[in-house]
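The shown structure was predicted, so the numbers you read here are calculated from the model rather than taken from an experiment.
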Amino acid sequence: QVQLVESGGGLVQAGGPLRLSCAASGRTFSNYAMGWFRQAPGKEREFVAAITRNGGNTDYADSVKGRFTISRDNTKATVYLQMNSLKPEDTADYYCARHSIPGRIYGLASRGGYDYWGQGTQVTVSS
């Protein structure tokens, strides 16, 4: 059983930064790609960013490209999302997730490919 625990959410002013963390349990963290998704009130959960198991490849939603950076530390079994230049439209609950297929390097933006999810952390960006 894999557990994912997000942290780092909070209230931030527009233009400010925030860094989310997601700590994973289990010894297989380094075998899997990881992703971040978000869900705003009344909207569907959407892809934000993903990173392959060794960090060599990343993918981002167009809405966050150039502002958000995903990274991981396999020694700590943790994935991060550095969010800069935040906008009010970034307000949402943010979830990390583990991809279901070991070593997957493409198609990481599809929500259906992930099998373990964290409980989410809330991010509110004030204008």
Side-chain angles (χ1 to χ4, degrees):
Q1 184 75 7
V2 174
Q3 288 189 323
L4 303 173
V5 180
E6 301 98 335
S7 61
L11 175 64
V12 62
Q13 286 190 331
L18 206 59
R19 189 195 196 203
L20 305 183
S21 300
C22 171
S25 66
R27 295 177 293 176
T28 61
F29 177 80
S30 61
N31 291 344
Y32 294 86
M34 297 293 294
W36 283 97
F37 291 76
R38 66 186 182 187
Q39 187 167 16
K43 294 188 176 182
E44 292 202 353
R45 193 170 298 187
E46 65 176 5
F47 170 74
V48 175
I51 187 167
T52 52
R53 63 177 179 175
N54 62 0
N57 292 91
T58 57
D59 190 17
Y60 296 92
D62 288 342
S63 59
V64 306
K65 277 181 183 176
R67 300 188 298 122
F68 290 12
T69 302
I70 188 171
S71 62
R72 66 190 295 161
D73 185 342
N74 287 343
T75 66
K76 297 180 179 180
T78 301
V79 61
Y80 305 96
L81 185 68
Q82 177 66 45
M83 305 185 292
N84 296 328
S85 303
L86 281 161
K87 305 175 181 180
E89 51 263 44
D90 294 319
T91 295
D93 291 327
Y94 283 72
Y95 300 87
C96 71
R98 193 198 77 169
H99 203 275
S100 61
I101 302 174
R104 186 81 165 189
I105 61 172
Y106 60 89
L108 299 181
S110 174
R111 188 177 65 186
Y114 294 82
D115 55 357
Y116 288 99
W117 295 80
Q119 82 290 347
T121 186
Q122 188 173 57
V123 172
T124 303
V125 184
S126 64
S127 56

- Query: With sequence neighbours excluded, what pairs up with Gln39 under the side-chain hydrogen bond (donor to acceptor under 3.5 Å, both in side chains) test?
  - Reply: Arg45

- Query: Under the side chain to side chain contact (heavy atoms under 4.5 Å, CB included) test, which residues partner Tyr114, sequence neighbours left out?
  - Reply: Phe37, Ala50, Ala97, His99, Leu108, Trp117

- Contacts of type side-chain hydrogen bond (donor to acceptor under 3.5 Å, both in side chains), residue Thr75, not counting sequence neighbours: Asp73

- Output every pair passing salt bridge (Lys or Arg N to Asp or Glu O under 4.0 Å) with a member in residues 116-127, not counting sequence neighbours, ordered by first then second residue. none

- Ala40 versus Ala92, closest heavy-atom pair with distance: N-CB, 3.8 Å

- Item | Side chain Ser110, main chain Gly107, donor-acceptor under 3.5 Å | no

- Note on the structure: Apart from Phe68 itself, members of its ILVMFWY cluster (side-chain separation under 4.5 Å) are Val2, Leu4, Val12, Leu18, Leu20, Phe29, Met34, Trp36, Val48, Ile51, Tyr60, Val64, Ile70, Val79, Leu81, Met83, Leu86, Tyr94, Tyr116, Val123, Val125

- Which value, rounded to the nearest 0.5 Å, describes the distance between Glu46 atom CD and Ser63 atom OG? 5.5 Å

- Message: Determine whether a donor-acceptor pair (N or O, by modelled atom type, separation under 3.5 Å) exists between the side chain of Thr124 and the backbone of Leu11.
- Response: no

- Hey, could you give me each pair passing side-chain hydrogen bond (donor to acceptor under 3.5 Å, both in side chains) that has a residue in residues 18-30? Not counting sequence neighbours. none

- Message: Taking side chain to side chain contact (heavy atoms under 4.5 Å, CB included) as the definition, give me every residue that meets it alongside Pro102, ordered by chain and number, with sequence neighbours left out.
- Response: Tyr32

- Donor-acceptor contact present, side-chain Thr78 to main-chain Lys76, <3.5 Å: yes

- For residues 1-103, which residue pairs qualify under disulfide bond (SG atoms under 2.5 Å apart), counting only residues two or more places apart or in two chains? Cys22-Cys96

- Task: Can you sort out the partners of Ile105 under side chain to side chain contact (heavy atoms under 4.5 Å, CB included), two or more places apart, ordered by chain and number?
- Result: Thr52

- Drop me the distance from Asp93's CG to Gln119's CD, to the nearest 0.5 angstrom. 10.0 Å

- Please answer whether the main-chain N or O of Gly113 pairs with a side-chain N or O of Ser100 as donor and acceptor at a distance below 3.5 Å. yes

- Which salt bridge (Lys or Arg N to Asp or Glu O under 4.0 Å) pairs, counting each pair once, include a residue from residues 110-127, with sequence neighbours left out? Arg98-Asp115

- Message: The criterion is side-chain hydrogen bond (donor to acceptor under 3.5 Å, both in side chains); which residues satisfy it with Asp90, sequence neighbours excluded?
- Response: Arg38, Arg67

- side-chain hydrogen bond (donor to acceptor under 3.5 Å, both in side chains) involving Gln3 - partner list, sequence neighbours excluded: none

